[in-house]
Every structure is written in structure tokens, then in C-alpha cells.
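The residues of the chain are indexed from 1 along the displayed sequence.
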Amino acid sequence: MATAVAQEVTHERPGIAPSFDAQDRPDREAILECVHCGLCLPTCPTYLTTGLEMASPRGRIYLMRAVDEGRAGISAEFVKHLDQCLGCLACQTACPSGVRYGHLLEAARTQIERRYDRPLRDRRRRRMILSLFPHPERLGWMLCGLYWYQRLGLSRLVRAAGVLAFVSPRMAQMEALLPWVPSPAERQPLPEVTPATGVRKGRVGVLSGCVQRFLLPGLNRATLRVLAAAGYEVVSPREQGCCGALHVHSGDLEAGRAQAKAVIRTFDRAGVDLVVANAAGCGAVMKEYGHLLRDDADWRCRAAEFSARVRDVSEVLAGVSWNGAMRPLDLRVTYHEACHLAHAQRIRKEPRGMLQRIPGLQLVDLVESDLCCGSAGVYNLLQTEMAGQLLRRKVERIRETGAAVVAIGNIGCLLQVGLGLRQAGLPVRAVHPVELVDWALHGLPPGEPRA
């Protein structure tokens, strides 16, 4: 394996960065912790799909080592294999040596973004995505136009004519991922403070997210209602921005650090006991603020203290008994484990515990429940072929369950799996586990699926 990799990575071209520089360099000791045992291989979606060593975690780590030691450069081949990684971190769960692959991947990607000259089209595509999705104010304006694009029937005409697919396959992918855009009334900001119901247990802040506050506003409102019903006063600061997840996972660590500091300031001012996330990717990166800002003397302690107060919504709600307040839900439900919940945060029991407390709900196992669906932040917009293969595999596993609902704890997965279900013509609804709890507490919305 080592010989094959070395042959591939040593073919350099003039102008290729010869090695990593000192800024955000992948940690050499962490690279050497990988003993290349191969236990990560059966868990890696890209390796399972391609069978290629370079599409595996140990193959990518070997590439990093070759560049770190100056035996190879940051070349097109190096970039291709690092770009194709989903960053799902299933390898971290499987690794007996405890290699922090996610930290290595983020550091290697920031080296790429600073030092590798991507082709012009690739640069423009990435710049467009990162200048839109992590900026709620820009996203809000764009969705105002897309609302009328759908309501006037233009979306049906565009899809039927195949115009976007002809002009830009990636634009067509972005358009296909778009769910039915909620009305302006539904997209109104969340109340800044939602009082607790009954005895007050504490005061929590909720991250409203960038995409979900506009595309899935019902999820955020359900989160507020359920937390309030559990006894928490809920704060959702209007000024909160992006948590930094997309920039961190894409290799722009400096932008991610600036966003992290802004989020910390916002929730510190709010005076909350805990900060709750209902999106796995956001929660995972906020729990890593201490690592992200570890070299900043003014922020490292504050960031670590903030990260210690971050909880996924399932962690807060898993132990709530509800004292008979829930109504039965006659639903057959399966559960897809979002990668950054199962592997990054190691949260598996809590979402299932939430669902199992709902009377009448039948929770059925999903084969390969923790295999990535292909969303992975903006991966499905940049690596459309691989993302599509993984999505079709996930939808087939969901089909096998016979479930009417698939519960998913991450915004990207909800949109990705929702697209796959629509494409397959399956009468299955993708919802967040907290929405099912909300249905049981406050009533099933009209027209929702039943078993």
C-alpha cells in the first residue's frame, strides 16, 4: 500500500506547494498515531463505494504524511482525495488508536485553501457557496425570490425543461435540494424569549442556524415549544450568526474562528446555562470551539468553557418523562444517525430514547443507520456523483424498513434524504426527532403521514 501511494503522490508539477507550512499545520504526532490497521475501511463511505485505498482514511493520512515529510507536494491528486472525503468521522469511531482524523482533515484542507491554486470554476463555485449559506441575511433575501419562483410555477417549468441541468449540473443539484420554501409569515424571526411551562428548570439558548431558520422554520419553533414544555426558559438571540461549521469543514479556519467568537459573545450576553443545537453539524463544531481557538490566549479558556455548555437537543430532552402529557402517535418510524451526531459527538442513545418515550410510536431499525447519506455540509453540491450514490444507498435502506417517517437530527441530512425520497417516489416523510416529540405533545399537524 505504501509503495503505491508514494508512486502516486510524488508526481509533482512546477508551482505545487512543496509541503505544509507552519500555519494550521496537520499535527505530526497525530499523523503518526495511525498504524494503518485498516479497521476504518469498512466504515468509510467513499472506500465502500470505490474500493480505492486513496479513498480511505488511512490512505488520506498517508498522503498527509508524505506532504508533511516533504516527499510530495500539495498537488491536484492530493487535493482530489482530500476533497472527496465526506468528513463523516465514522473512521474516528472505528479507530482503536484514537486518531483525531477530523482535526487532521480540517488542517490539511486549510493548507489546500491557502496554498493550492484551484481551477477558476472550482474557486468560483466554492466562493459562491461560502458567501451565501453561512450568511443568514443574504440567504433570507435569496429565498424571498425563490418563494415566488416556486409559487408562480417557474420551478416546475425549469425542471420539466431541464434548463438548469443543461446550463449547470451543480445549479440543478442545488435547485433539486430546495424544499417548498415557507411563506414570509412562516419565516418570521423566532421570539427572543419563550417562557418555561410550569416549574422553571433553567435558561437555555437555542442556535437558530443559517439554512433551517428559513427553509425549516417549523423545526426551530417545535424545538422552542418542546424545550419550554420541558421546563426551560428559551432564548433565541436575534443577532446570532453562523456557527462557523461550513467554513471550518471547508478549510477556512480563520473565518470559522471569527464566527465562533461572535457566537460565544452572543450567547454569553444572553446569560444562558446551556446552548442547545438541533443541527448535528452545528453542535459538533461548537463543541470543538476550545480546540479551534486553542492557540488564542485571549479566547482559549472562554471557548473551552462555552463548548462545555453546548448540548444537542436530544441530550437535554432524553431524560424528560413528560408525566403522561404525550398523546399516542400511531406511526412506524426509523432513525438515520447523522454523522456529526453519531461520530463527532458520540450521541446515539439519546435520540432513540426521545422517540421510544412517545406512546404508540413503533421505532424500527435502519440497516447502515450511521452510514453517511452524502450531505456532509456542502459536499452534495461539490461532489455530486459520490453524494448521489450514497443517497440512493440510504434511500434503499429506508425503503426496506417500511417506515412512514425517517427521523434525522441534522438539517443537511433532512434536505438530502428528503430529496432522495422525492426522487424515489417514496411516501416517507423526513423529520427531526424533536418534531415527533412536538407532535405527541401538541398534536399531529394535519396531513402528516400515518402508518
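- The pair E305-R309 counts as a salt bridge, with a side-chain nitrogen and a carboxylate oxygen less than 4.0 angstrom apart.
- To the nearest 0.5 Å, the span separating CG on D252 from CZ on R109 amounts to 13.0 Å.
- Here the closest heavy-atom approach between residue T194 and residue L224 is recorded as OG1-CD2, 3.4 Å.
- Both the sub-6.0 Å distance and the 45° axial angle are not jointly satisfied by R302 relative to the ring of Y289.
- Using a 4.5 Å cut-off on side-chain heavy atoms (C-beta onward), T93 and R348 make contact.
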Fill in: E186/R221 under salt bridge (charged side-chain N to carboxylate O under 4.0 Å, His left out): CA gap, chis, key distance, verdict
CA-CA 10 Å; E186 294 174 286; R221 296 187 187 280; over 6 Å; no
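- A salt bridge is absent between R100 and E33: the closest approach of a Lys/Arg side-chain nitrogen to an acidic carboxylate oxygen does not fall below 4.0 angstrom.
- Residues D273 and R203 are not paired through a salt bridge, judged by the lack of any N-O separation under 4.0 Å between the basic side chain and the carboxylate.
- When all heavy atoms of L390 and C372 are compared, the closest pair comes out as CB-O, 3.9 Å.
- If you take CD on Q423 and CG on L391, they are separated by 6.5 Å, rounding to the nearest 0.5 Å.
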Item to complete: List the steps and the verdict of side-chain contact (heavy atoms from CB on, under 4.5 Å) for R138 and S131.
Response: CA-CA 8 Å; R138 301 175 192 173; S131 66; 3.7 Å; yes
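- When all heavy atoms are compared, the tightest approach of R346 to Q92 is NH2-O, 3.2 Å.
- Judged by distance alone, the side chain of E337 and the main-chain N or O of H343 form no donor-acceptor pair under 3.5 Å.
- Side-chain contact check for P351 versus I347: some heavy-atom pair is nearer than 4.5 Å.
- A salt bridge (charged side-chain N to carboxylate O under 4.0 Å, His left out) with R257 is found for exactly one of D296, D295, D24, namely D24.
- Residues N278 and H432 form a side-chain contact, since some pair of their non-hydrogen atoms from C-beta on lies under 4.5 Å apart.
- Within 6.0 Å of the CD atom in E385, the count of heavy atoms belonging to other residues, nucleotides or ligands does not exceed 12.
- A salt bridge between D268 and K261 is absent, with no side-chain N of the basic residue lying under 4.0 Å from a carboxylate O of the acidic one.
- With rounding to the nearest 0.5 angstrom, the CE atom of M386 is 6.0 Å from the OG1 atom of T46.
- A salt bridge links R58 with E53; the closest basic N to acidic carboxylate O contact falls under 4.0 Å.
- Taking a 6.0 Å sphere around CZ of R200, one finds it holds more than 12 heavy atoms contributed by other residues, nucleotides or ligands.
- Closest approach of D83 and Q383 over heavy atoms only: CB-NE2, 3.7 Å.
- Between the side chains of H340 and Q345, no donor-acceptor pair is found at a separation under 3.5 Å.
- Two residues are said to be in side-chain contact when any heavy atoms from C-beta on lie closer than 4.5 Å; L130 and S250 meet this criterion.
- Between Q240 and V206 the shortest heavy-atom distance is NE2-O, 3.2 Å.
- Considering only heavy atoms from C-beta on, R357 stays 4.5 Å or farther from R352 through its side chain.
- Side chains of L441 and R327 form no contact here, defined as non-hydrogen atoms less than 4.5 Å apart.
- Ionic pairing of K201 and E233 is not present here: no N-O contact between side-chain nitrogen and carboxylate oxygen is shorter than 4.0 angstrom.
- N380 is not listed as a side-chain neighbour of L419, based on a closest heavy-atom distance of 4.5 Å or more.
- V333 is not listed as a side-chain neighbour of V364, based on a closest heavy-atom distance of 4.5 Å or more.
- Other residues, nucleotides and ligands contribute over 12 non-hydrogen atoms within 6.0 Å of the CZ atom of R238.
- Heavy-atom neighbours of W180 CH2 from other residues, nucleotides or ligands within 6.0 Å: above the threshold of 12.
- In this structure, the side chain of N410 engages the main chain of G281 through a donor-acceptor pair within 3.5 Å.
- Rounding to the nearest 0.5 Å gives a distance of 9.5 Å between SG of C34 and CE of M64.
- The OG atom of S321 sits 9.5 Å away from atom CE of M326, with the distance rounded to the nearest 0.5 Å.
- L341 CG to D312 CG: the interatomic distance, rounded to the nearest 0.5 Å, is 4.5 Å.
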Worksheet entry | Evaluation steps, salt bridge (charged side-chain N to carboxylate O under 4.0 Å, His left out), between E368 and K394 | CA-CA 8 Å; E368 298 179 341; K394 179 63 64 176; over 6 Å; no
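- With respect to R399 and E396, a salt bridge is recorded, a charged nitrogen being found less than 4.0 Å from a carboxylate O.
- A salt bridge does not link D122 to R127: none of the charged side-chain nitrogens sits closer than 4.0 Å to a carboxylate oxygen.
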Discussion item. side-chain contact (heavy atoms from CB on, under 4.5 Å), that's the test. Do F306 and V263 meet it? Break it down for me.
Written reply: CA-CA 10 Å; F306 176 89; V263 167; 3.9 Å; yes
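- The two residues Y101 and C85 have their closest heavy-atom pair at OH-SG, 3.2 Å.
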Fill in: CA sep, side-chain torsions, deciding dist, call: H103, E288, side-chain hydrogen bond (donor to acceptor under 3.5 Å, both in side chains)
CA-CA 10 Å; H103 293 166; E288 289 285 336; 2.9 Å; yes
